[in-house]
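This is the structure I want to talk about, given as structure tokens.
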Number of protein chains: 2
Amino acid sequence: MTKKHSSHLTMSDVAKKANVSKSTVSQYLNGRYEFMSKKTRDMIQRVIEETGYSPNVVARSLKVKKTSTIGVIVANILHKFSTEIIRAIEDACMEADVHVIVCNADDDPEKERKYIKALMAKQVDGFIVFPTGDNIDMYELLEERNIPLVFLDRIIPDLAVNTVLLDNFKAVDTAVQVFAQAGHTRIAIVTMPATAYVTPRLERIEGFRISMERYGLEMQENHIIDQPLDRIQQEVTGMMSGPAPPTAVLAGNDLVLLEILNECKNSGRHIPEDFSLISIDDVSYANVYQPSLTTIKQPSAEIGEKGAEVLLQKIRGEINDQQIVRMAPTLIARESVKELIEEN
Amino acid sequence: MTKKHSSHLTMSDVAKKANVSKSTVSQYLNGRYEFMSKKTRDMIQRVIEETGYSPNVVARSLKVKKTSTIGVIVANILHKFSTEIIRAIEDACMEADVHVIVCNADDDPEKERKYIKALMAKQVDGFIVFPTGDNIDMYELLEERNIPLVFLDRIIPDLAVNTVLLDNFKAVDTAVQVFAQAGHTRIAIVTMPATAYVTPRLERIEGFRISMERYGLEMQENHIIDQPLDRIQQEVTGMMSGPAPPTAVLAGNDLVLLEILNECKNSGRHIPEDFSLISIDDVSYANVYQPSLTTIKQPSAEIGEKGAEVLLQKIRGEINDQQIVRMAPTLIARESVKELIEEN
DNA sequence: CTGTTAGCGCATTCAA
DNA sequence: TTGAATGCGCTAACAG
């Protein structure tokens, strides 16, 4: 009757049981043992162990104005890229004893907006977001209120926000180089629509132009396909049956890759006999596919880790810059690129 | 100079600006307009809009003893199964305006334990966990403190906790039935080690025995492989080169499937000529693989949705049972199962 | 219809 | 070395 329900155990209860005052318990909890007798210290510890007391983080947060929680808003949680990054963020944050609230914007600016608002109300200490780009005012609001913010994967122009992303130029360049060295001259790139703010698509296409020129290859405009997923198969079919079709194709991401492979299956095309293929994103089945697929692996874990690191530093007030960090990809050479016999 | 920094805007500030008292603003925010003049109501609304005020959820949580946040602890966030479930949980929770903190236990009981403690301190309203099984005391503690808890994917025996998982028996039975109807009699199953608490593996093997008997097929003990991932390839090779090798193989999950496909590639075996194959888990490349792969798709989204629904109901005190819900899988028939010519 | 009051559980001066 | 007092921002009676 006298014993409170254990879930409502509070600091006062512990203090009472240990015959000390609340503040002493508080000091104990925060490791300020300096001015505390060994005796009271042990006493408090014993009571805490016996009761299984643990301090109420909500109350603490209210007091110290810090929740030790960050919000992560991913564009689409179903992408392996996202989950790998989330995992890395989690790991980094666990080290720092901060929690992560993951929100899935589902590529929907409205959802993103809603989540940013909700997380602000929840007083998160900072944000990591894969920005849709359609909520500039929200991003600005965060900056204005001095809430630390880091963007991942996408750059929002004209906004001075720390950003970590793949070095898309390098990724494309690596692929083009591999193709060029294997003797290919007619190279195509297939991506999803390069709409504003979707940096990876934008940069991969831009990088493609640059790299083609660098390796002295002539680019054909119709060898750049940027279409919605459900149109990619027919576009590829069209390109392949046109004049001077490409002998090498660069798939812009894992989803595009799947469409290309589907097209092959449906049209009876074979890799690498009919065309060589490299994909950005190292898919799980890259090894077992026949032929195994040469890929450009994104450093997802590193991107997540770096992003978390930058955010945590900003939260601690250790940095104050607005760098854009580009992480290098890795080429995983397998069997989907064929050496072309020189025709001279 | 008189204007406070916007991020510190509080209810009192709003009240002051609107010439009303705090409690009136509070009422407004909680939608209790009944006893409020249209005038004050409009006034408050205007001030809120102008200032961009949003209430501090932390303070509110402290007061109402409810955080509108649940904790989700997944065994391993890298599994597609997990991310699909997380996404479904998210969606369901967003509807109910509750937030989700996702933690990745990484199949490590220690991490699981740490997360449960941390989330309890954070006063989450409930838990959804893919239990490792090694923290029974923690699960019991949650029950004891009346913190709503739902298990996903794995059953912890002797613990009366609501659980939602795949109907593993049905999944296996579907596969065996397909094989049997195609004329196969020598069928094998390959899974990861069936250690305690890992319900899917346990039930899939048990179900395999049951189904084989149901379809009048004789089971060979050496046609059950339950080994760590890195041993699966050699075990399969061994089984296939032994006497009376299976003509059909059931892969216990996506990871096992990858190992089996790798084995095929390395040993030059072909599907479905050398053996037929069905996998539990519908992988992204099922269609593009040659031949396309027949799979048993887990209802991940439904499992997540149902789990969230049950938890939210428990939180609201609407239910008080301890059901185990098994969700039915779906057969996706493709080309990796070969009809065997009758040999009579 | 609106304002006053009294905490929620904790951290933090400031005295003792 | 410890304790009493104060307030974080909000809700919820209860008065008015």
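Small disclaimer: the values here were computed from a predicted structure and weren't measured. All chains are named by letter (A, B, ...) in the order of the sequence lines, taking the proteins before the strands, and each is independently numbered beginning at 1.
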Q: Answer yes when B:K306 and B:E309 have at least one side-chain N-carboxylate O distance shorter than 4.0 Å, and no when they do not.
A: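 Yes.
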Q.
Any side-chain N or O of B:Y53 below 4.0 angstrom from OP1/OP2 of D:dG9?
A.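 It does not, given that no N or O in the side chain of B:Y53 lies less than 4.0 Å from OP1 or OP2 of D:dG9.
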Q. B:Y28 OH to C:dT2 P: how many Å, rounded?
A.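 Interatomic distance, OH of B:Y28 to P of C:dT2: 13 Å.
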Q) Nearest of D:dT2, C:dA11, D:dG9 to any side-chain atom of A:S37? A)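 The nucleotide sitting nearest to the side chain is D:dT2.
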(Q) As a test of reading the structure: which of D:dT11, C:dT2, C:dC8 is closest to the side chain of B:R60, going by heavy atoms? (A)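 For B:R60, the side-chain atoms sit closest to D:dT11.
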Q. Between D:dC10 atom C1' and B:L29 atom CG, what is the distance in whole Å?
A.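 Rounded to whole Å, this separation is 10 Å.
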**Q.** Spacing of B:L62 atom CG relative to C:dA6 atom P, expressed in whole Å
**A.**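 The answer, rounded to whole Å, is 18 Å.
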Q: First locate atom CD of B:Q313, then atom CG of B:D321, and finally report the distance between them rounded to the nearest 0.5 Å.
A: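 B:Q313 atom CD to B:D321 atom CG measures 8.5 Å (nearest 0.5 Å).
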(Q) Based on the rotation axes of five pairs at each end, what angle does the helix from C:dC1-D:dG16 to C:dA16-D:dT1 bend through, to 10°? (A)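 Inter-axis angle at the ends, rounded: 40°.
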(Q) Between A:K111 and A:D106 (salt bridge meaning N to carboxylate O under 4.0 Å), is one present in this structure? (A)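 Yes, this pair counts.
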(Q) Between B:S26 and D:dT11, is there a contact of a side-chain N or O with OP1 or OP2 at under 4.0 Å? (A)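 Yes, because at least one side-chain N or O of B:S26 sits under 4.0 Å from OP1 or OP2 of D:dT11.
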Q) D:dC8 P sits how many Å from A:Q123 CD, rounded? A)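 About 14 Å, once rounded to whole Å.
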Q) Quick one: NE2 on B:H99 to CE on B:M94, what's the gap to the nearest 0.5 Å? A)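 Output value for this atom pair is 8.0 Å.
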Q) Are B:N56 and D:dC8 close enough that a side-chain N or O sits under 4.0 Å from OP1 or OP2? A)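 So the side-chain polar atoms of B:N56 never come under 4.0 Å of the phosphate oxygens OP1 or OP2 of D:dC8.
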Q. Nearest nucleotide by nearest heavy atom, which residue falls closer to the 5' end of DNA chain D, B:V58 or B:S23?
A.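 Upstream on the strand: B:V58.
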Q. Thinking salt bridges, do A:D42 and A:R46 make one under a 4.0 Å N-O criterion?
A.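 Looking at A:R46 together with A:D42, the answer is no, because their closest N to O distance does not fall below 4.0 Å.
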Q | d(CD, A:Q27; C1', D:dG3) in whole Å | A |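 So the CD-C1' distance, A:Q27 to D:dG3, works out to 10 Å.
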**Q.** Among C:dG9, D:dC10, C:dT4, the nucleotide that comes nearest once only the side chain of B:M11 is considered
**A.**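 Of the candidates, D:dC10 comes closest.
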Q: With A:V129 as reference, evaluate A:I156, A:L152, A:I73 under the side chain to side chain contact (heavy atoms under 4.5 Å, CB included) test and give the passing residue.
A: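 Single pass found, and it is A:I73.
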Q: Report which part of the nucleic acid A:S12 touches: base, sugar-phosphate, or nothing (heavy-atom distance under 4.0 Å, all strands).
A: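 No contact.
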(Q) Students often get this wrong, so: under 4.0 angstrom with heavy atoms, is B:T40 touching a base, only sugar-phosphate, or nothing? (A)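 Sugar-phosphate: the residue B:T40, judged by heavy atoms under 4.0 Å, touches backbone atoms but no base.
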Q: Between C:dC8, C:dC10, C:dT2, spot the one nearest the side chain of B:K63, thanks.
A: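 The closest nucleotide is C:dC8.
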Q) Nearest-Å distance, CG (A:D13) to P (C:dG9)? A)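 It works out to 9 Å between those atoms.
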Q) Is the shortest side-chain N/O distance from B:T24 to OP1 or OP2 of C:dT2 below 4.0 Å? A)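 For C:dT2, OP1/OP2 do not have a side-chain N/O of B:T24 under 4.0 Å.
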Q: Please tell me which of B:V20 and B:A59 maps to the more 5' nucleotide of DNA chain C, matching each residue to the nucleotide holding its nearest heavy atom.
A: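 Here B:V20 is the residue nearer the 5' end.
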Q. Roughly, in whole Å, what's the span from NZ in A:K66 to P in C:dG9?
A.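 These atoms are roughly 22 Å apart.
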Q | Nearest-Å distance for atom pair CD1/P, residues B:I48 and D:dG9 | A |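 Rounded to whole Å, this separation is 16 Å.
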Q | Side-chain donor/acceptor contact of A:K22 with base of C:dG9 under 3.5 Å | A |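 Answer no: no donor N or O sits under 3.5 Å from an acceptor.
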Q) Do B:K80 and B:E84 sit within salt-bridge range, that is, some charged N less than 4.0 Å from a carboxylate O? A)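 Yes.
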Q | Ionic contact status for B:D108 with B:R113, cut-off 4.0 Å | A |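 No, no charged N to carboxylate O under 4.0 Å.
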